[in-house]
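For clarity, every value in this text was computed on a predicted model and none was experimentally measured. Just so it is clear: chains get the letters A, B, ... in the order the sequence lines come, proteins before strands, and each one is counted from 1. These numbers come from the heavy atoms of this one structure, side chains and all, not from hydrogens, waters or symmetry mates.
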There are 2 protein chains.
Amino acid sequence: MVTRDDVARLAGTSTAVVSYVLNNGPRPVAAATRRRVLQAVEELGYRPNAAARALSRRHDDVIGLIVPNFDNPYFAALGTAIEGAATAKGFTVILGNARHEDDRQAAYVETFLSRQCSGLILVGAAQESDGRNGPRTNALLKREQGVPLVSFDPLPNGARGTLLTPDNVPGAAAAVEHLLGHGHTRVGMLAGPQKFKAVQERERGWRETLENAEIDAASQTVVRCRFDRYEAFDLTERLLRSPRQFTALFIHTDEQAIGVIHAARAAGLTLPQDLAIVSFDGIREAGLITPQLTTVQQPITQLGARAVDLIQKQIARRPTNRTTERLTCELVTRTSCGCPG
Amino acid sequence: MVTRDDVARLAGTSTAVVSYVLNNGPRPVAAATRRRVLQAVEELGYRPNAAARALSRRHDDVIGLIVPNFDNPYFAALGTAIEGAATAKGFTVILGNARHEDDRQAAYVETFLSRQCSGLILVGAAQESDGRNGPRTNALLKREQGVPLVSFDPLPNGARGTLLTPDNVPGAAAAVEHLLGHGHTRVGMLAGPQKFKAVQERERGWRETLENAEIDAASQTVVRCRFDRYEAFDLTERLLRSPRQFTALFIHTDEQAIGVIHAARAAGLTLPQDLAIVSFDGIREAGLITPQLTTVQQPITQLGARAVDLIQKQIARRPTNRTTERLTCELVTRTSCGCPG
DNA sequence: GTGAAAGCGCTAACAT
DNA sequence: ATGTTAGCGCTTTCAC
């Protein structure tokens, strides 16, 4: 293994100078010396040992990113956005797949922390706990008040950090408003798991909009399932077997809406004539499927960039408190709502 | 920060003993002592510093996994399978998203190597290079003959390691055979980029099967696009504008087939009556879409497990040479081929 | 069974 | 501008 000593020897300098060159500081280096060092690096094919560096510096320019799963295109897109923003700022991203399990998520938090990561980003922190163990992630992060932390939903209980979220209430309101504009008065909701802040807020947007229009929300059809097209498919199949009490549906995520579309097709319904739907997120697939999804578009790239920003800010001046930050969404009108193609 | 010294002090032992306990070796520890150590660990909320450990041991129980992108469900599924297998064996997986760019992939290889990872798994190593720079990943891995390496496709030129792949030729043959069994004689192909081994092999399976049936492969329609449903959609839209020279299509991946289905629907075709298709991979979505995809199912979980196995084997006895390993696939008959639902 | 101590490769304060 | 050197936290050989 080639070490910094070898480089120094070949360049005819001290090891410190090699560090100064490679790190661009903290001390200046003469141009000629720098050149010699760089050349020695090249010649020896030297690669710095990140473990040694992390040990010495007591932190590593790494951001730990934990996603609930990769199968959900929304999470995939958000993960990609975060990774892109982080890489652009010189961070390395290490990615953990929690598979919706709190235990796995907590294990990842531990690994990342033990690797001296300089920040943690959680996408969908509300993982299922296995019943026996409680929410280990929360407990862990409550202890570990030091780490820069951004969470998309929710911000772990008792932890410092910031909750970064699309602005769900107005977004959902716009969606439901649009459906009302198409003349629907029986607007049901296919919601996500209640433990998510986003779900609570989208729900509120739906309820308040109905109530503003003097429609009794409590008497509307509401069903709930995970953020999973397959589960949404099964649920919708069952739902469509009984007489329908709704002509339109506000669906919490595009992912679920895709399941609904497939189930509706299988049941012989024609969308949007037999059933109008509007959903939320704005994943790419929304534009591919037939009918194309009218959806509340999240600013996914900005969310990713902002998450990394917030980590940087927290690195600069910690500790932080619990804060919330919302980014605006925009209704994208396509055909699933009944608008002309 | 709590260090091993603190633990040793509280437990009233030496730091060495703490290591022996935490690592279960290399020396035995009296039960009573072990108990005291464990209790001290608990009491202090001690978390070992992975960087220090990696530095000292000269390697880290980490597998670097590089995926071309997370938007492709096949890659997502394979990534998940690998991650599951690795985690089960006590490895931590760090994941890089190459986004189909050779430069990004190479950068990830460097980071992972600099972090003393004990193995590298590349899913889809044939990233696009940006033209100016050559294939940096290949160059890097040719130099670095030491790392345990498993690649799904292809095995970087000049590198030691093993190419792990589904058995594409017989798989593709079974797919085409099945289409011929339905009476088709004009069986086109929607292929992937030629730089992939899998593509070359699936192509061969298609060609040989046609020729065995005395059908001229050279006169069949062949189109090519990336592993991307959106690109497949566009391509198919264009393809369907001119008169069709085929009644059936062998499609290299389910991902592409999904794009074809959407485009066919948009063009007013009914599948499988107007066009029969069989694809490859066996992602979960194949069973959700209408028509459900008849596809050559890869043993995704086994591939993941095997990849990790191979890394372990290479860790045990390196260096390895270039080897190839194939896992058998199985045709799953659904409705897109023309079989009754 | 346990402890002392010599590193692992790098950083950065301090000295020159 | 450059060199010397004391750690960073952990592992493991070697003594006891």
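We find that Glu43(A) and Arg36(A) are not joined by a salt bridge, their nearest charged nitrogen and carboxylate oxygen being 4.0 Å or further apart. Remark: Arg53(A) does not engage Asp60(A) in a salt bridge, criterion side-chain N to carboxylate O under 4.0 Å.
The closest donor-acceptor contact from the side chain of Glu325(B) to the backbone of Thr162(B) lies at 3.5 Å or more, if one exists at all.
In this model, no donor atom of one side chain and acceptor atom of the other lie less than 3.5 Å apart for Arg58(A) and Asn49(B). In this model, a donor atom of one side chain and an acceptor atom of the other lie less than 3.5 Å apart for Arg34(B) and Asn24(B). Between the side chains of Asp102(A) and Thr137(A), a donor-acceptor pair is found at a separation under 3.5 Å.
For the segment residues 38-51 of chain A, residues with any heavy atom less than 4.0 angstrom from an atom of DNA chain C are, sorted by number, Tyr46(A), Pro48(A), Asn49(A).
Note: Phe75(A) and Phe227(A) have perpendicular aromatic rings, judged against thresholds of 30 and 60 degrees for the angle between ring planes.
As a whole-Å value, the separation of Asp5(A) CG from dG7(C) P is 13 Å. Atom CE in Met1(B) sits about 11 Å away from atom P in dC8(D), given to the nearest Å. As a whole-Å value, the separation of Arg115(B) CZ from dG9(C) P is 17 Å. As a whole-Å value, the separation of Arg58(B) CZ from dC10(D) C1' is 11 Å. When the C1' atom of dT2(C) is taken as reference, atom CZ of Arg34(B) falls 14 Å away, rounded to whole Å. Between the P atom of dG9(C) and the NE2 atom of His59(B) lies a distance of 14 Å, rounded to the nearest Å. The separation between Leu22(B) atom CG and dG9(D) atom C1' is 12 Å, rounded to whole Å. In this entry the distance linking CD of Gln116(A) with C1' of dC10(C) reads 14 Å, nearest Å.
Residue pairs satisfying the salt bridge (Lys or Arg N to Asp or Glu O under 4.0 Å) criterion with at least one member in residues 69-94 of chain B, sequence neighbours excluded, are listed as follows: Arg99(A)-Glu83(B), Arg104(A)-Glu83(B), Lys89(B)-Asp309(B).
Closest heavy-atom contact between Phe152(B) and Ile82(B): CE1-CD1, 3.8 Å.
Put simply, Thr3(B) has no side-chain N or O that comes within less than 4.0 Å of OP1 or OP2 on dG9(D). At the phosphate of dT2(D), OP1 or OP2 sits under 4.0 Å from a side-chain N or O atom of Thr33(A).
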Which atoms of nucleotides 12-16 of chain D (N or O only) lie under 3.5 Å from a protein N or O atom, and what are those distances?
unit_1  : atom_1 : unit_2   : atom_2 : d
dT13(D) : O4     : Tyr20(B) : OH     : 2.8

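Closest to the side chain of Ala30(A), from the set dC8(D), dA4(C), dT2(D), is dT2(D).
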